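Below is one structure; the comments refer to it alone.
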Amino acid sequence: MPEYETILIEKRGSVAVITINRPDKLNALSSKVHLEGVAALDELKKDDSVRVLVITGAGEKSFIAGADISEFEGKTPFTQRSGFYERTLFNSIDSFPKPVIAMINGFCLGGGCELALACDIRIASETARLGQPEINLGIIPGGGGTQRLTRLVGEGKSMEIILSGDMIDAREAYNLGLVNHVYAAEELESKTFALANKIAEKSPIALQMAKEAIKLASRSNLDEGLRREVDLFAICFSTEDKKEGVAAFLEKRKPVFKGK
Ligand code: COA
């Protein structure tokens, strides 16, 4: 992997970790973070030894405190629009073929919350505070917040979070279905890795097909989604992993999936 300035990459077995590494700026998403993050995702996508990705923020205070507000000055509507139409970290995560877990270790605001929303699973520390405070700056979310948050928590709650700009704590986020689990800060990493390692043992092809099918639920109508699910289910019957999974069950042993 190339050396990056604003992110750290680490591999722990078959789980890769991207850490946004600007703790003095509460890991705010600068344009460099976007560029480096997209490049890192492209590398990790190709690396067969990586089965699951965890994204987190450096330090104990913040996951990601949003877009880097200092870069807003001087931006025209056109540069902002074209920047967000290009490959952002949000859509690179969304289209990443392997499972992505956001390990939310503190402030998860604005673009940080949008980045977490682009991940497949969100796990938060009890100390995390989440929100979409863009409205306080006279703007609205532009990295998917209005769409992904609404799909996850419903229109009423999404309206309240985005229109008030207020932060909510991790427990409330859990009650809304915005995060999957909440753990004490000291347990966050071990619990996140326990889930990541469990998922990493599954067939990478089946994981990819499952992700694609689940994402269709909010992106297509039911008939289309059900038809595509059958196609993706059928594709799994062409893999060695399917043979291995079935054989292991019948032989009463643990399967070893190779991603073939
Ligand atoms: N963009 C750029 N810099 C940011 C930032 C952001 N989104 N969020 C925090 N920072 C910087 C601060 O400017 C400060 O830098 P400095 O030490 O050079 O002055 C540093 O990170 C620490 O932040 P600070 O505000 O001093 O910490 P705090 O504990 O008092 O407050 C927050 C924490 C998260 C409540 C506060 O930083 C905040 O409101 N951040 C902006 C959140 C936001 O609106 N995000 C959406 C952007 S669209």
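All of these numbers come straight from a predicted model, not from anything done at the bench. In this chain, numbering begins with 1 at the start of the sequence shown. Just follow the structure's listing: the first ligand is 1, and inside any ligand the first atom is 1.
Sorted by first then second residue, the salt bridge (Lys or Arg N to Asp or Glu O under 4.0 Å) pairs that include residues 136-162, not counting sequence neighbours, are D94-R148, K157-E160. Within the structure, the salt bridge (Lys or Arg N to Asp or Glu O under 4.0 Å) test picks out the following pairs touching residues 19-31 (sequence neighbours left out): R22-D68.
Applying the ring-ring contact (aromatic ring centres under 6.0 Å, His included) criterion to Y174, with sequence neighbours excluded, gives no partner residue.
Taken from CD1 in I9 to OG1 in T19, the straight-line distance is 8.0 Å, to the nearest 0.5 Å.
The neighbour count for K191 NZ, taken as heavy atoms of other residues, nucleotides or ligands under 6.0 Å away, does not exceed 12.
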Atom pairs, nitrogen or oxygen, ligand 1 to protein, under 3.5 angstrom:
{"from": "ligand 1", "atom 1": "1 (N)", "to": "A67", "atom 2": "O", "distance (Å)": "3.3"}
{"from": "ligand 1", "atom 1": "1 (N)", "to": "I69", "atom 2": "N", "distance (Å)": "2.9"}
{"from": "ligand 1", "atom 1": "7 (N)", "to": "A65", "atom 2": "O", "distance (Å)": "3.0"}
{"from": "ligand 1", "atom 1": "7 (N)", "to": "A67", "atom 2": "O", "distance (Å)": "2.8"}
{"from": "ligand 1", "atom 1": "15 (O)", "to": "K25", "atom 2": "NZ", "distance (Å)": "3.4"}
{"from": "ligand 1", "atom 1": "18 (O)", "to": "K25", "atom 2": "NZ", "distance (Å)": "2.5"}
{"from": "ligand 1", "atom 1": "21 (O)", "to": "D24", "atom 2": "O", "distance (Å)": "3.4"}
{"from": "ligand 1", "atom 1": "29 (O)", "to": "K61", "atom 2": "NZ", "distance (Å)": "2.7"}
{"from": "ligand 1", "atom 1": "45 (N)", "to": "A65", "atom 2": "O", "distance (Å)": "3.0"}

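Judged purely by atom type and a 3.5 angstrom limit, R122 uses its side chain to pair as donor or acceptor with the backbone of A116.
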